[in-house]
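A short write-up of the structure that comes next.
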Amino acid sequence: MNPLLILLMWSCAGQTNPSSAVDEAKQLREHVKANYTKYEYQIPMRDGIKIFTSVYVPKDDSKTYPIMLNRTPYSVAPYGIDNYRERLGPSSFFQKAGYIFVYQDVRGRWMSEGVFQNVRPHNPKKGPKDFDESTDTFDSIEWLLKNVKGHNGRVGQSGISYPGFNTAAGMIDAHPALKACSPQAPVIDWFVGDDFHHNGCLFLPHAFNFMSGFGKERPEPTRKGARVSHDHETPDGYQFFLDMGPLANADKKFLKGGISFWKEMMNRGTYDDMWQSMNLRPHLKNIKPAVMTVGGWFDAENLFGALECYASTERQSPGCDNTLVMGPWDHGGWSRGPGDSLGNARFNSKTAEYFREHIEFPFFEFHLKDIPSRKQPEAHVFETGTNVWRKYDAWPPKDSKPLTFHFQDKGGLASSTPANDAFDSYISDPSKPVPYMERITTKMDYEYMVADQRHAARRPDVLVYQTSELKDDLTLAGPVKVDLWVSTTGTDADWVVKVIDVFPNDYPDYEPNPAGVRMGNYQMLIRGEPFRGKFRNSFSKPEPFEPNKPTKVSFTMPDICHTFRPGHKLMVQVHSTWFPLVDRNPQKFCDIYSALESDFSTQTHRIHRSVEMPSGITVRVK
């Protein structure tokens, strides 16, 4: 088959008939075999440990090629020099253009020697034999340049999620040949905002499901070891995790001491020295390679990491060619499919295909091959609502201005200061928590990030505030700051805040519409975050609430770029459970990870709204 036709089929992946998937995979693999030669190496690190590496070199030796490096804990399979990957590179454009593709099992995973450490801390004071992800990247590049023929002396690195962390860590104290890096949805801080923890709250199904498979020990190098997560024996995750009871039961009933990092997490319920050492932000300084950080506005795992990677690099590496790309994607959604929708949200264009062809590929072509391209803006972001790409010379945009929306009487939301000394209250019962979405699932469903919130708005333990119908476009671009004056009859509580776009009553249904979703009055989640109240002053030193005493809780939610159109409403919901997405707070000041069933109790919470104690959100308006 014509190689260009095969590559075209790849670019249309996701649209093919399932029955032809096997044939397509075979054709793609045959294209790789026809155009690349595979090699496998054990590359020695400075401490003597050898790292398993697969290298695919173009058969056309009439010219030289840059090296594209991907370092992963998820396996470089298939193993064996005669077993080829179906696809090479971040997208089909790279495979067609010609690169030397390098895939590496990180230290202690799969076929690599050594001991694996989750989000291995960066060590800024290393001796000659000391190592971290930065040195392993450096040593790998040094070896590749000396031992792999046909390269042009330049290296690029890219990766999504955990490999995104490896990319961000690899650009610290980088090898001089490393010219361009793209950390995509990178893990940056595993306690404050990435993956398993958000503002001190545990994202329960994500942590439990992921670690029950990924966290299994690997005593020696292996080509086997399928990542099989726990079998819940039911599709109903809400009931499964509710029946599990307090968090301590996860290990007692199911994991049974077999996942060491789970036990580590349960013993470290505050932002202690271990979690702080895993925070990569302080080390993203004096970065030399060009950097393009990529993230999704609706990434349930590492939205925080993408924004913080860009911001930290920008702040601490003033001479770095540092850019940000944010699109309307879930976790890794830019790397697959067309990107024209997510759940019930529609974006009216193929945003992921646009990114792969017009943003990602030209970035590496320019820095690794000197191929001219249009200069990328500092921030290339997709604005949902209007569904257009925007280009800014800074992020957040320099011309954006802060605007505060205060909670008002009768569920109102307005920029005016509250006129009355009042409060709204609700009863929070941990045994009947607010579902995070209506769909029945055992996982952290990515689509919750844009899901309909009508099911929550109609519960008595959810407070709802909304504007009147907007007469003009309202564009929010930047972080969302939350300021709540709260009181509780208990000594601890979680505070979930959600920013929502309420569609007009007569908004037309999408076509086709096989699920029969009615879009009139649809309440689309734009941003939602929980905050564990005991950490209001410090993630390291939790403090109890004094019962019934008004106390201020402030935190910042990850950025948004969204336009609320005329006829829509801006809504904010506030509640204290979000299950099973977030673990349940007993509403008693204690170590939640070792809490007993008897520690959980029903409490009454108040949100105060007055001149002296205003509650609301502050956004940045374009």
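Fair warning: this is a prediction, and the values are worked out from it, not measured in the lab. Hydrogens, waters and symmetry mates are skipped; everything else that's a heavy atom, side chains included, is used. FYI, the numbering just counts along the sequence from 1.
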Legend entry - Parallel, tilted or perpendicular: ring planes of H206 versus F196, cut at 30 and 60 degrees: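 Tilted: the ring planes of H206 and F196 meet at 30° to 60°.
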Inset, instruction - Can you measure from CG (N209) to NZ (K443) and round to the nearest 0.5 angstrom? - result: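 Taking CG in N209 and NZ in K443, the distance rounds to 10.0 Å.
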Inset, instruction - Working to the nearest 0.5 Å, report the span between CZ of R71 and CZ of F165. - result: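 CZ of F165 is found 9.5 Å from CZ of R71.
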Between [X] and [Y], is the ring centre distance below 6.0 Å?
X    : Y    : result
W190 : F261 : yes
Y99  : F364 : no
H197 : W275 : yes
Y354 : W389 : yes
F555 : W495 : no
F214 : F116 : yes
F355 : F382 : no

Inset, instruction - For the residue pair S400 and R620, confirm or rule out a side-chain donor-acceptor distance under 3.5 Å. - result: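 A pair is found: one side chain offers a donor N or O, the other an acceptor, under 3.5 Å apart.
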Inset, instruction - Examine R85 relative to Y103 and say whether NZ or CZ is less than 6.0 Å from the centre of the six-membered ring and inside a 45° cone about the ring axis. - result: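 Flagged: R85 positioned over aromatic ring of Y103.
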Legend entry - Stacked cation flag R87 on F101, 6.0 angstrom / 45 deg: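 No, cation not above the ring by the 6.0 Å, 45° rule.
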Inset, instruction - Answer yes when K179 and D370 have at least one side-chain N-carboxylate O distance shorter than 4.0 Å, and no when they do not. - result: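 No salt bridge links K179 with D370.
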Inset, instruction - Looking only at non-hydrogen atoms, find the nearest pair between S134 and I172 and report the distance. - result: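 Taking S134 first and I172 second, the nearest heavy atoms are OG-O, 2.6 Å.
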Inset, instruction - Indicate the atoms forming the closest heavy-atom contact of P163 with N70, along with that distance. - result: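 Taking P163 first and N70 second, the nearest heavy atoms are CB-ND2, 4.2 Å.
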Legend entry - Test side chain to side chain contact (heavy atoms under 4.5 Å, CB included) applied to F52 and P221, S75, S112, the passing residue: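 Exactly one candidate clears the test, S112.
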